[in-house]
Amino acid sequence: MKHIIKQIVLDAARKSFETGMLPSGQIPDMEIEEPRHQSQGDLSTNIAMVSAAVQKIAPKKIAQILVSNMDQKDFIEKIEIAGPGFINFFLRPGAWHPVVDRILEADDRYGASDAGKGEKIQVEFVSANPTGPLHVGHGRGAAVGDAVGNILAFAGFRVSKEYYINDSGRQIKTLGRSVWFRLQELAGRLVEFPDDCYKGDYIHDLARQVMEQEGPDFADQKDDLAIPVCAGYAASQILKQIRTDLEDFGVVFDQWFSEQSLYDSGRLEKTITDLKTRDLVYEKEGALWFRTQDFGDEKDRVVVRTNGLTTYFASDIAYHQEKYERGFHRVIDVWGADHHGYINRMAASIMALGKKNEQFQVILVQLVNLLRGGKPVQMSTRAGEFVTLKDIVDEVGKDAARFMFLSRSYDSGLDFDLEVAKQKNSDNPVYYVQYVHARIAGILSKAQDQNLVTDIDFTRGTNLSLLVQAEEINLIKILAGFPGQVEKSAETCHPHVIFTYLMSLASAFHAYYNRHKVIIQDRSLSLARLSLALAVKKVIRNGLSLLGVSAPERM
RNA sequence: GCGCCUGUAGCUCAGCUGGAUAGAGCAACGGACUUCUAAUCCGUAGGCCACAGGUUCGAAUCCUGUCAGGCGCGCCA
């Protein structure tokens, strides 16, 4: 609907210029928007105001000229000039009815677009070290990354979701040591458990498993030999668990990428050589430094340490270089807010290697504040006491957890109250939206019971012009806005836009439901309303599915 | 000290690529089930959009500064 109005406005502007009523043919960026108040019409444009500068005429005057040059259309009831120069369009109800048909036709593709033109985008998220179970923060990152991927795919990009496994380096060794020391304890040896080791209960379990697998003599092994065995076993087990937990959370990755593979394949070494060739690095005090400062970072960064070992940054450079070589035009990393200090150097290294600013983007997800009944849940990673993602999914369910994580902008910290997420009432937004879907499913099944409709094709030939109630037109207007919201969500990479949209659609439907009955004596009207209800059901489902939340037929 | 994020109703937050009279949920108060699911709806009340300047026809939105909160500033990952 917006683009139809936009065309009318543009035509009027062109005509005004051609007939000499406006001095300039230049048309600045203008907007077609839905005004807040009904008295301001269905759609509105600010073209007169934004044109004032180039036309050198008062906005109201421009508006008058434009309106006088607009073609009469039968779906437009009237056009008004208001406020500082807005042109407000009042549409007849009939203007909105075709939207319902479009939704029923497009079905699960309603809202999709080809805006991305098939461009390849990679979204990398979670990427937690396989040294322990995923916690709440990872959950939010997982929900955001997954939803952003879904939304971009829906907007016509070719999306690949990837998990980067930090299976190399010190923390893996620490994991191995942690298991090894616990195993020593199991073998009855008194050892002092080091402070820098992981203290969670799962370490005990892993130690037991290693002991069973390797036999009773294993505890006598030398540290140097045993620790890598422990590390290898523990990391693969934990990774397996992470994968399972994510699947239970509805997240499936297209690719799992191992940091260690960068070493094994010689990729990392190649990158370092490459950096040297390009003179992007220099030696100082025995270390090798990347000239990130030349590309916007606060200072230069070490890639090879004095001891000859590469830094985490080095593998990340190689990894990202490798991403682009795989053909991704754009790369999005989803990170926890505590990593924001890392953005500049990462971006700098990518610029240095010849990529454009817009080809790399970091989504910084702010921290989650876990509450239970309004009180903070005490957590200590150090002591190994924390609520895991699995705990949360087990307690409140996948849908509630995901919906809650995506309810707010990731720019804001999030209060996640387990009690609220568990409640099956109006405090809990997920049910509010899902309930619409279930309610409509109920209506449709009743319609079938009464033989009002015999197959899913009932909408064909329905007389939608019977939908004239204010609540019905309002509902259709909201339905018409879905593609625009998907577009906005994709452009900004903000999934909560979809959340907010779903809440408003659900609210409009509940209001309609309470005011009007769908199945009534009048068969034609019933069919029209059933079509509308079905359209709502489809849009709710499409929106929920972008967020990775199910749309139940019954609740 | 420097950098990033945040500051909007009692609480949790939308709105922020500038637009007209700033919204929702919860909490409070008052109503609506003999109906297709009350996991719902309707109404009332609630605001110096942290503060101070600036930009302009117009600022919650953009810029500068101040204050407050969160996070980060390793040859760790």
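By convention in this document, chain letters (A, B, ...) are assigned in the order of the sequence lines, proteins followed by strands, and residues within each chain are numbered from 1.
Checking Ser507(A) against Arg554(A), the closest nucleotide of RNA chain B that is more toward the 5' end is the one next to Arg554(A). Checking Gly286(A) against Val497(A), the closest nucleotide of RNA chain B that is more toward the 5' end is the one next to Val497(A).
Straight-line distance between the C1' atoms of rU40(B) and rC26(B): roughly 16 Å, to the nearest whole Å. Spacing between rC33(B) and rG23(B) at atom P, rounded to whole Å, works out to 30 Å. Across the P atoms, rG65(B) and rG72(B) are found 24 Å apart, a figure rounded to whole Å. If you take atom P in rG43(B) and the same atom in rA24(B), they sit 10 Å apart, rounded to whole Å. Here the separation of rC41(B) from rG54(B), taken at their C1' atoms, is 47 Å to the nearest Å.
Asp411(A) has its CG atom 17 Å from the P atom of rU61(B), to the nearest Å. Here rC36(B) presents its P atom at 16 Å from CD1 of Ile440(A), a figure rounded to the nearest Å. Regarding Gln485(A), its CD atom lies at a distance of 11 Å from the C1' atom of rA14(B), rounded to whole Å.
Of the candidate nucleotides rU35(B), rA20(B), rC41(B), rC41(B) has the atom lying nearest to any side-chain atom of His510(A). Among the nucleotides rU12(B), rC42(B), rA20(B), the one closest to the side chain of Ala511(A) is rC42(B). Of the candidates rG72(B), rC4(B), rA20(B), the closest approach to any side-chain atom of Phe86(A) belongs to rA20(B). For Ser412(A), taking side-chain heavy atoms from C-beta onward, the closest of the listed nucleotides rA14(B), rC36(B), rG19(B) is rA14(B). Picking from rA38(B), rC36(B), rA77(B) the nucleotide with the shortest atom distance to the side chain of Arg345(A) gives rA77(B). Minimum atom distance to the side chain of Thr311(A) is reached by rA77(B), of the listed rA20(B), rC5(B), rA77(B). Residue Leu364(A) places its side chain closer to rC4(B) than to any other of rC4(B), rC36(B), rC75(B). In the set rA38(B), rC75(B), rG70(B), rA38(B) carries the atom at the smallest distance from any side-chain atom of Arg439(A). You'll find that the side chain of Arg36(A) is closest to rA20(B), out of rA20(B), rA14(B), rC41(B). The side chain of Arg305(A) sits closest to rC76(B) out of rA39(B), rG72(B), rC76(B).
In terms of polar N and O atoms assigned as donor or acceptor, the side chain of Asp316(A) never comes within less than 3.5 Å of the base of rA77(B) in a complementary pairing. Interface remark: the Ser44(A) side chain does form a donor-acceptor pair with the rA20(B) base, using a distance-only criterion of under 3.5 Å. With hydrogens and angles left out, the side chain of Thr306(A) and the base of rC75(B) share a donor-acceptor pair within 3.5 Å.
Aromatic ring centres of Phe416(A) and Phe405(A) lie closer together than 6.0 Å.
A sub-4.0 Å separation between OP1 or OP2 of rG25(B) and a side-chain N or O of Arg408(A) is absent. Between Tyr342(A) and rC73(B) there is no side-chain polar atom (N or O) within less than 4.0 angstrom of OP1 or OP2. At rC76(B), none of the side-chain N or O atoms of Thr174(A) fall inside 4.0 Å of OP1 or OP2 (strictly under the cut-off).
Base engagement by Ala82(A) is indicated by at least one non-hydrogen atom pair under 4.0 Å involving a base atom. If you check every strand for non-hydrogen atoms under 4.0 Å, Met555(A) touches a base. At the heavy-atom level, His496(A) lies under 4.0 Å from the strands shown only through sugar-phosphate atoms. Within 4.0 Å (heavy atoms only), Asp196(A) reaches no atom of the nucleic acid at all.
Both stacking criteria are satisfied for His37(A) over the base of rU21(B): a centre-to-centre distance under 5.5 angstrom and an angle between ring planes under 30 degrees.
Inter-residue side-chain proximity for Glu124(A) and Val331(A) is flagged as unmet; no heavy-atom pair is nearer than 4.5 Å.
Relative ring orientation between His339(A) and Trp335(A) is described as tilted, the plane-to-plane angle lying within the 30° to 60° band.
Of the charged side-chain nitrogens involved, none lies within less than 4.0 Å of a carboxylate oxygen, so that Asp417(A) and Arg372(A) do not count as a salt-bridged pair. A salt bridge does not link Arg267(A) with Glu269(A): every distance from a Lys NZ or Arg NE/NH1/NH2 to an Asp or Glu carboxylate oxygen is 4.0 Å or more.
In this model, a donor atom of one side chain and an acceptor atom of the other lie less than 3.5 Å apart for Asp415(A) and Asn369(A). Residues Gln366(A) and Ser412(A) bring no donor and acceptor atom of their side chains to less than 3.5 Å of each other.
Nucleotide rC16(B) forms no Watson-Crick or G-U wobble pair with any nucleotide shown, as no partner meets the under 3.5 Å limit on both distances. Taking a pair to require two hydrogen-bonding distances under 3.5 Å in either a Watson-Crick or a G-U wobble arrangement, rG72(B) pairs with rC2(B). Nucleotide rA28(B) forms a pair with rU44(B), judged by Watson-Crick or G-U wobble geometry with both contacts under 3.5 Å. Judged by Watson-Crick or G-U wobble contacts below 3.5 Å, the nucleotide rU64(B) has rA52(B) as its partner.
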